[in-house]
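Scope of the values below: all heavy atoms of this structure, side chains included, with no hydrogens, waters or symmetry mates.
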Amino acid sequence: RRLGVGYQESLADQQHFFMNGKLGDDMPLLTKLARDNQDEDFIKKIFAGVMEEQTEWLTTHPVDKDRVKAAKEEAEAGVFQLELPASCLFKNYKPICKAVTKDFFRAIFGNDLKANMLVPAAQLVAHKQAAKEAAEAMTRMFGNDFDTPRVLALRPSPRVPVEEAIQQLGAARQVMINALPTYSELSKQLSEKDGRWITCHQVSSLVDLGAQLKPKDFDGLPVSSRPRMKKEAEKLQRELSLLSPQLDTLELAFSKRVCYASCLINAPQVVYQLGQEKAFALSQQLPGVLNALNAVQECYGELVHIRNEFASLSLTLQAIGSNEISGEIYAKITGGISSMFWKVSSFNDTLKVVPYPFEHAEGFMNLNKYMIPKMPGSDDIGGVMEATDKLLDNYHYVYFRCVGELSLICQVVESALGWAPQPDPPKPKEPEEKKAR
């Protein structure tokens, strides 16, 4: 069971790694490492409920507790015993693991699997650790509910004396620590209202199809009337616009924190603690991350329109399935696809001159190629939906990775100054229903 969970985790890691065009070349190793990193609490969750499982008539084999019981009742020693890893049964174990991994990915990607995509699994492990550190730094600064992109007013670094930069950095850090509890609660409200706003767009599309919907299935939304749904969407949009400025205190402090941390990367005491190589690498990385984040932030309003249209069309196409539709409904769908195509194309053009700020298997690339690897034809319904889905995923990846990297740079500079990392926010409580399960 633990290896099974480790395998699923390693697949998820590979998926994140593939965001940069790479894949770890040894799945058995990654599975083992994931298994070895499971702490006691996580292991308890894996095995929760094992003793309550029941063997049913149609199950392929008895559940674990019955198999263990049967083995114990035999009270027999094993036919063969050897206290060594099972990998010792193979000659050339590591090459075999890599060959099997390559076969696995070739079955998925076919001819699209390029030689430069498979890299040593150690790179994936290092990438995962770095991503974890950046995510943890971001969570310390923004809380557990920071999952809706925000437009952060990031500014270029001013030229100020080192002591003033240290003072300003400390002040901004303290403002963020003080503002975090309120910010976390407001972020949660923002996320919930934003999700409800998206649902309004989806429901409106289904109402247009003549679908009979029940309010209880859509969190009490007035699903029986298009005008009432429109009013609800407008109300939520107003609430979001009123909620947004209340988040400014922490976000403006973050902007200052990044600003003054970047001033201090090359300060003598920071370079001494980090070492010249690391300090230089951070100073080289910072401008590209800031440039990319500012570019994607400028497009966020446009992205929201694309996201809402995509959510509506996705649910509409799912509801229709393979059923026949009228010419009027078909015209609405194709009109929606055309509108979304031109919005995605415009988004694509905006990012043509902005470099992707992170390492990629294909080397240098601009953000538009990363966000939308291939633009479909305007009348290709499946192609437009796939490209839009890719854009939404990649936008969020770039946005949150940039914010995470900036958060980590702040943390690294502050640690070099002798400051402890900002405390972790309280872990969110699990719902009672989930606990019971």
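- In this model, a donor atom of one side chain and an acceptor atom of the other lie less than 3.5 Å apart for N20 and Y397.
- S244 contributes no side-chain N or O that, together with a main-chain N or O of L240, makes up a donor-acceptor pair within less than 3.5 Å.
- For the residue pair Y183/E251, the side-chain donor-acceptor check at 3.5 Å is satisfied.
- Under the 3.5 Å distance criterion, with hydrogens and angles disregarded, no donor-acceptor pair is assigned to the side chains of S407 and R257.
- Shown here for L30 and G24, the closest heavy-atom pair between the two residues is CD1-CA, 4.4 Å.
- For F18 and F105, the distance between ring centers is not under 6.0 angstrom.
- Looking only at side-chain heavy atoms (C-beta outward), S262 and I409 stay at 4.5 Å or farther from each other.
- Considering all non-hydrogen atoms of both residues, L152 and V403 come closest at CD1-CG2, 4.0 Å.
- In summary, the aromatic rings of F358 and Y370 are positioned with their centroids too far apart to meet the 6.0 Å limit.
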Could you walk me through whether L29 and V125 pass the side-chain contact (heavy atoms from CB on, under 4.5 Å) check? CA-CA 10 Å; L29 173 62; V125 174; over 6 Å; no
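- Of the N and O atoms on the side chains of Q38 and R2, at least one donor lies less than 3.5 Å from an acceptor on the other residue.
- Using a 3.5 Å distance cut-off with no hydrogens or angles, the side chains of D26 and T101 do not pair a donor with an acceptor.
- One finds no salt bridge joining D393 and K390 here, because no Lys/Arg side-chain nitrogen approaches an Asp/Glu carboxylate oxygen to under 4.0 Å.
- With respect to E9 and R35, no salt bridge is recorded, no charged nitrogen being found less than 4.0 Å from a carboxylate O.
- Using a cutoff of 4.0 Å between basic side-chain nitrogens and carboxylate oxygens, D66 and K69 are not scored as salt-bridged.
- Below 30°, between 30° and 60°, or above 60°: for Y356 and H360 the angle between ring planes is above 60°, a perpendicular geometry.
- Under 4.0 Å is where a charged nitrogen must lie from a carboxylate oxygen, and between E359 and K22 at least one such pair does.
- Taking a 6.0 Å sphere around NZ of K65, one finds it holds more than 12 heavy atoms contributed by other residues, nucleotides or ligands.
- No donor-acceptor pair closer than 3.5 Å links the side chain of S338 to the backbone N or O of G335.
- Salt bridge D36/K32: present, at least one basic N to carboxylate O contact under 4.0 Å.
- Between E53 and R1 there is a salt bridge, since a side-chain N of the basic residue sits under 4.0 Å from a carboxylate O of the acidic one.
- Using a cut-off of 4.0 Å between Lys/Arg side-chain N and Asp/Glu carboxylate O, R307 and E302 are scored as not salt-bridged.
- Annotation: Y330, atom OH; neighbour count of heavy atoms from other residues, nucleotides and ligands within 6.0 Å does not exceed 12.
- Under 3.5 Å, the side chains of S184 and K188 contain no donor-acceptor pair of N or O atoms.
- Between T148 and S191, the shortest heavy-atom contact is OG1-CA, 3.8 Å.
- Among all heavy-atom pairs drawn from L180 and G143, the shortest one is CD1-N, 3.5 Å.
- Across all non-hydrogen atoms, the minimal contact from Q54 to V63 is O-CG1, 3.5 Å.
- Taking 4.0 Å as the cut-off between side-chain N and carboxylate O, K235 and E239 count as a salt-bridged pair.
- Between F146 and T139, every side-chain heavy-atom pair lies at or beyond the 4.5 Å cut-off.
- When the shell of 6.0 Å around CZ of F90 is examined, it contains 12 or fewer heavy atoms from other residues, nucleotides or ligands.
- Of the N and O atoms on the side chains of Q422 and Q411, not one donor lies less than 3.5 Å from an acceptor on the other residue.
- Taking each heavy atom of G6 and T31 in turn, the nearest pair found is C-CG2, 3.9 Å.
- Without hydrogens or angle criteria, D25 side chain to A121 main chain gives a donor-acceptor distance under 3.5 Å.
- No donor-acceptor contact under 3.5 angstrom links the side chains of N294 and E298, judged on distance only.
- In summary, the aromatic rings of F142 and F254 are positioned with their centroids under 6.0 Å apart.
- Not a single donor-acceptor pair under 3.5 Å links the side chain of N366 to the backbone N or O of K369.
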